[in-house]
Amino acid sequence: MKRTIPLLITGIGGFVLILAFFIPYTESWGEVAAVWFDVMAAIAFLLGGGNLMKVHLKKISDRAAGWAYSLIVLLAFLLTLWTGLFKTGSKPADNQEYYGESFASLSVADLPDSMLAEIEGSLPEKVDAELPPSVRRQLSVENGKLRFRGWMTDDHVSDLKSYHETLEWQCKVETLAAAAKPPEVLSGKVSYHSDHQVLSFHGYMSDAEHTALVALGKSAAWSQAVKILFDASRVETRIKSEEIPKGYQLPESVKNVQVSNGELVIQGPMSAALRDQVAAGQATVPFVRPMTKEQRAAFRREIESKGQPLTGEQAVALETTFNTVWTSVQLRLALVTAGQPSEVPKTACEMLIEQQAGVQDIKPKRIVGTAVGINDAQGAVLAKFSTDPSVSIDQAVEQLRAAGEFNDAQEKGLKKFLDRVPNQIDFDKSVATALNGAGPLAEEQKEFLLGDYRKRFLWRRDVGRLFVASHVPKYEWSGDYAEQGTGFWFAYEYAMKPLTATMFAMLAFYVASAAFRAFRAKNIEASLLLGTAFIILLGRTQAGVILTAWFPDAIGGLRIDSLTVYIMSVFNTAGNRAIMIGIALGIASTSLKVLLGMDRSYLGND
Amino acid sequence: MIDFLANLDRRWIFLLMLLSVAIPILTGVSFEEVPSKQAKDVFQEIENLKPGDKVLMAWDFGPETEGELGPMATAFCRQVCEKKAKLYFIAIVPLGPRMIDRTIENIIRADFPDLVYGEDYVNLGYKSGNEGVIKVIVTDLRGLYTTDARGTNIDQITMCKDVENLQQMDLIVSVSGSYPGTKEWVQYAVSPYPDKIKMVGGCTGVQAPLLYPYIPGQLKGLLGAIKGAAEYEKLVVDEYIGDSPHPKYLEGKRRMGPQLIAHLLMIGLIILGNVVFFCQRAREGQQA
Amino acid sequence: MKRDQLIWTVLLVIGGAWLLYRCSTVGVGLVYAQEVDGKFTSVDKLEYTAGTAQIDWLRTLGVWTAAFFTLGIMSFLYKDNPFYKICESVVVGVSAAYWMVLGYWTVVVPNLLGRIWPAWIQSWAMPGISPLREGYWYMNVIPLVFGVMLLWRLAPKGAWIARWPLAFIIGTTAGLRLMGFMQADFLSQIRAGVGPILAINAESGIDFWDTVRNVVMLLSVLACLVYFFFSIEHKGAVGKVAKVGIWVLMITFGAAFGYTVMGRIALLAIRLEFLFNEWLALG
């Protein structure tokens with residue numbers, strides 16, 4: 001019993017994997033066995049840790065020789081384990097935290113009937129698979145009707161669409177999704193996360209939104225949830241900030257944030273988008289245009305006027321940075337691309353209509369608009385715009401329209417392009433980085449280049465603090481255990497990494513010592529080994545190239561670097577191939593011995 | 001003299017080794033690389049990618065081999081990003097996830113801030129089981145990976161929605177330190193599906209000679225040790241970065257300086273060791 | 001011994017004085033961190049100069065610790081000493097814990113517990129997963145049971161209990177390896193080895209040198225295999241071929257040695273780069 005069952009398990013485990021290789025039907029069996037194997041491997045890590053603890057605890061309790069070192073092992077182990085298992089210092093994961101949303105628990109059953117969408121239809125036939133987990137709780141079929149309780153998200157739609165790849169079904173999903181939507185006034189403000197069983201409200205709840213939400217249901221559970229959301233969405237958070245930029249103005253669309261008297265106040269939670277909006281404010285920093293020679297020289301003079309002249313290396317670095325700025329050619333290309341007709345994906349219902357009309361080759365996308373290029377006159381406008389700071393974006397658009405056809409998509413393309421190119425602050429920062437890397441900079445020069453960058457950063461930092469302060473963590477444990485700044489990261493970065501890396505680095509010393517003591521050309525075999533090693537050592541560095549570069553081309557094959565290639569690709573490949581074949585046969589025979597129960601040494605003796 | 005050398009304390013050799021690596025690092029000696037065929041093959045294979053192609057970046061190394069493999073990982077990531085392919089990072093060695101974090105932080109976030117996590121690149125993270133992991137995901141990715149490394153449901157990650165298994169990858173880029181690594185990817189991913197899966201690799205000097213028999217059938221190209229890294233790095237820098245690249249793209253080149261001096265030292269030591277050996281043998285011969 | 005001690009004392013004092021000097025002038029091992037949305041990330045010194053980052057003393061201490069560990073391990077080159085032993089102990093402890101934590105968070109939680117009790121795992125550890133069980137979820141109970149049995153090894157009694165999971169691990173390993181090696185290292189290598197001998201060039205017909213190469217390669221593989229074939233005595237013709245096989249193998253080992261040396265040096269280089277640049281700020 002103690003031996004037979006293990007032998008059976010071994011045999012079955014192995015042969016399932018071998019069978020899976022030959023019989024496609026059993027492929028999934030092999031997968032299951034391999035998944036189990038992988039999970040067991042992780043448990044073996046736990047076992048390893050446990051074993052280590054056992055051994056060293058014993059050593060300590062016995063006061064065996066070197067027990068103090070065992071104590072260190074144990075301390076290092078426990079400390080790292082603690083920080084890792086308990087994720088000390090780890091912040092909840094950004095992507096799981098639903099920033100800007102307030103949650104209130106509410107089960108699917110408690111959702112009011114006003115949130116029940118129904119359409120005629122049933123689930124597709126002949127599908128074995130279960131419904132996608134994301135909709136399983138909310139989708140049901142009753143009396144020939146598809147019913148969805150809650151509001152459908154894009155994820156729901158795409159999960160359901162991929163459940164059955166026919167246009168009929170996908171069109172049905174689209175129809176259902178159109179029905180399962182919150183009322184207009186709450187659009188984009190509420191959602192129901194069935195996985196988390198929570199009703200969620202985004203941002204600050206206005207009175208109108210509150211009224212609309214209350215009106216959706218009458219049950220006590222619903223009213224309770226709405227009340228929780230209402231309260232949470234109006235919680236006030238304030239932080240002090242001394243970094244509010246001069247003349248700062250909030251974007252007009254932002255209503256629930258106030259900036260005044262060294263204080264930042266928000267009602268309700270803050271989403272990442274709101275954070276970026278608040279940080280940017282209304283003012284915009286001018287984008288950088290490509291500079292002419294004179295402009296470049298002037299910029300350089302301005303830097304130099306704040307301190308010492310640039311060194312030669314710095315001058316080169318500055319020039320390189322200038323060249324990274326966009327060009328009018330790039331802009332023109334971007335506008336030509338933006339002027340291309342866009343491809344809009346068709347809905348499944350649209351494609352279904354085509355299918356029913358007998359269209360054979362149904363394209364999943366529709367082309368909208370016609371191609372608009374950039375003519376030479378417009379090119380000239382762009383060229384002028386790119387260097388002349390007096391031409392504003394709006395003026396440029398006007399001139400482009402006057403010079404030829406220029407559509408809205410291109411206007412958008414122009415603005416998007418300029419949005420993405422570095423602005424003055426970014427540019428100054430990259431100049432500072434380049435110059436600082438190439439030579440010294442005076443304090444005043446640094447201030448000139450980095451002053452605005454600092455102001456922008458400190459303001460953004462304070463907005464970030466408000467962002468964090470106004471957030472109520474939803475899943476404290478969702479963070480990454482090895483994120484920068486966590487205890488576990490410290491243990492890895494400053495202990496494990498230097499230690500393991502240095503241990504490997506030590507081999508360089510031992511290999512040198514071995515080369516001096518052990519590599520003797522005693523006979524032909526040893527000489528061959530040494531000779532090859534020489535060639536490889538020389539051939540894989542510049543030395544080989546330098547030593548034999550003068551060989552005429554007729555005997556170019558004898559240059560050390562060529563010899564290296566030849567040795568590696570012929571003799572080394574041949575030798576290793578033979579070894580590989582030998583090892584493969586060895587592994588095959590030992591594996592078979594184990595699987596057939598001929599080798600039982602792994603079971604131990606008793 | 002011979003007796004002195006024969007009984008030389010090995011710590012002097014250690015010191016020589018230390019100096020031969022330290023001095024070139026401090027003085028910053030470096031040389032221009034001339035890419036070999038292997039490096040060009042690897043480069044070309046990645047160059048053949050089309051925008052939107054799926055590339056599995058198997059980062060199977062840790063800090064212990066970062067000296068050799070770090071520069072390769074950097075250059076690989078740069079080139080794949082430049083090709084606008086989609087990057088799927090994965091690790092089957094325990095320290096791999098830390099290397100993935102580094103690559104994402106230093107290359108993607110720093111130099112490709114426009115790339116969106118989940119749409120252009122994703123970190124699938126680590127799973128235990130060595131080749132057992134490859135065996136599963138080559139036919140069923142969701143068998144092991146239900147979430148990415150950040151805990152996002154894999155079905156909610158745009159670029160993972162349509163990936164059922166590794167056979168859908170257009171290329172596997174494997175950077176590997178030891179076991180498990182490139183060899184296991186060849187054995188369990190490429191060899192069973194030779195028509196579907198293509199792979200290029202970068203590996204340590206210890207592994208490189210052992211992997212040569214797989215070229216070019218099972219492995220389209222291989223970068224071996226720091227030399228391979230430096231050559232490939234040069235190709236990437238010349239093609240995509242041009243003048244004055246950030247120092248992180250020159251790590252391979254920088255490490256070839258110490259490499260040269262240390263190799264010369266090694267050769268010197270072997271010759272010296274043999275001189276001692278033959279002199280001693282000659283002396284013994286005379287005495288006998 | 002006395003002279004030894006004197007030399008070391010003098011060296012350490014000089015080194016220490018120089019370190020102090022550098023600490024007071026440029027700063028040694030300083031790490032700067034920048035706060036964005038409540039998280040601190042390490043950044044370069046320019047950010048500090050710009051006033052957007054501060055000195056992170058904890059991370060600075062970390063770099064000094066890392067330097068201590070690096071030098072501690074290297075001190076073994078001189079001779080075995082307590083510092084080295086401390087470093088060795090730390091690496092053992094930290095690595096074991098690292099593996100354990102990794103196994104726990106990346107596999108045990110999502111792939112084992114998360115499949116059997118998804119709602120529970122979703123509620124605290126992994127909000128991203130679905131709280132609903134998949135079909136066939138009960139298949140995961142087996143690795144759980146096996147896992148517990150495997151951990152039984154730590155218990156003082158009932159060592160045989162761990163044999164079942166061990167048997168499974170050994171069986172699956174054997175099955176996996178058998179197929180992997182047979183296909184990739186045996187069949188594919190034979191196919192690659194006996195590939196077309198004649199190299200045909202599109203322009204000039206037969207490529208002479210490539211053909212020679214292929215022939216040499218094939219013969220070399222065969223010679224090595226003959227050498228590995230121990231069932232026949234290596235005498236006469238067989239012995240001569242085997243001898244050639246040894247030569248090829250020696251070249252192979254020479255190449256392996258060359259490449260190994262190469263790798264080791266790069267590994268040393270990155271450690272010295274750490275000491276010089278990150279710690280001593282010489283770069």
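Residue numbers begin at 1 in each chain, while the letters A, B, ... track the order of the sequences.
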Residue among B:Thr147, B:Leu69, B:Leu95, B:Asp9 with most heavy-atom pairs under 4.5 Å to chain C: B:Leu95
Locate the shortest heavy-atom distance separating C:Pro110 from B:Lys127; write the atom from each residue and the value. CG-NZ, 3.8 Å
What do you reckon, is CH2 of B:Trp12 surrounded by more than 12 foreign heavy atoms closer than 6.0 Å? no
Per-residue tally against chain C (heavy atom, under 4.5 Å) across B:Pro194, B:Gly28, B:Pro192, B:Gly257 peaks at B:Pro192
Between C:Ile129, C:Asp185, C:Leu268, which residue shows the highest count of heavy-atom pairs closer than 4.5 Å to chain B? C:Asp185
Relative to chain C, which segment of B:Tyr126 carries a heavy atom at a distance below 4.5 Å: side chain, backbone, both, or neither? both
Rounded to the nearest 0.5 Å, what separates atom CD in B:Gln187 from atom CE in C:Met182? 12.0 Å
Under 4.5 Å, heavy atom to heavy atom: which of residues 94-107 of chain C reach chain B? Give them by number, or say none. C:Tyr98, C:Trp99, C:Leu102, C:Thr106, C:Val107
B:Lys196 NZ: over 12 foreign heavy atoms closer than 6.0 Å: no
Between chain B and each of C:Arg264, C:Met217, C:Arg177, count heavy-atom pairs under 4.5 Å; write down the option with the most. C:Arg177
For B:Lys161, is the NZ atom crowded, meaning more than 12 foreign heavy atoms sit under 6.0 Å from it? yes
When rounded to the nearest 0.5 angstrom, what is the spacing between OG1 in B:Thr65 and CD1 in C:Ile270? 9.0 Å
Proximity breakdown for C:Met126 and chain B, heavy-atom pairs closer than 4.5 Å: side chain
What heavy-atom pair brings B:Thr146 and C:Arg115 nearest, and what distance separates the two atoms? CG2-NH2, 2.9 Å
Closest approach of B:Arg254 to C:Glu273 (non-hydrogen atoms, all atoms of both residues): NH2-OE1, 4.5 Å
Pick one of side chain, backbone, both or neither for B:Glu66, based on which atoms fall under 4.5 Å of a heavy atom in chain C. both
Taking the side chain as every heavy atom from C-beta outward, state whether B:Glu105 and C:Ser42 have any atom pair closer than 4.5 Å. no
Please report the closest heavy-atom contact between C:Ala255 and B:Pro209, naming both atoms and the distance. O-CG, 4.4 Å
Which atoms of B:Ile25 come close to chain C, meaning under 4.5 Å heavy atom to heavy atom: side chain ones, backbone ones, both, or neither? side chain
What part of B:Leu15 lies closer than 4.5 angstrom to a heavy atom of chain C: side chain, backbone, both or neither? neither
May I ask you to check whether over 12 heavy atoms, not counting those of B:Lys248, lie within 6.0 Å of atom NZ? yes
Among B:Pro258, B:Ala229, B:Ala262, B:Pro97, single out the residue with the greatest number of heavy-atom pairs under 4.5 Å to chain C. B:Ala262
Hey, which of C:Ile169, C:Thr260, C:Leu275 has the most heavy atom pairs under 4.5 Å with chain B? C:Thr260
Region of B:Ile134 that comes under 4.5 Å of a non-hydrogen atom in chain C: neither
Heavy-atom pair count under 4.5 Å with chain C, highest-scoring of B:Met266, B:Lys135, B:His263: B:His263
Can you give me the closest heavy-atom contact between B:Val21 and C:Ile265, atom names plus distance? CG2-CG2, 4.1 Å
Can you tell me how far apart CD (B:Glu131) and CG (C:Leu176) are? Round to the nearest 0.5 Å. 6.0 Å
Greatest number of heavy atom pairs closer than 4.5 Å to chain C - which of B:Ala208, B:Ala22, B:Ala225: B:Ala22
Of all heavy-atom pairs linking B:Asn153 and C:Ser130, the shortest is ND2-N, 3.9 Å
Is B:Glu68 close to C:Leu267 at the side-chain level, that is, under 4.5 Å between some pair of heavy atoms? yes
Let me confirm one number: the OG-CD distance from B:Ser191 to C:Gln189, rounded to the nearest 0.5 Å. 8.5 Å
Please report the interatomic distance OH(C:Tyr259) to NZ(B:Lys227), rounded to the nearest 0.5 Å. 9.5 Å
Are there residues of residues 212-221 of chain B whose heavy atoms fall under 4.5 Å of chain C's heavy atoms? If so, which? B:Tyr212, B:Pro213, B:Tyr214, B:Gln218
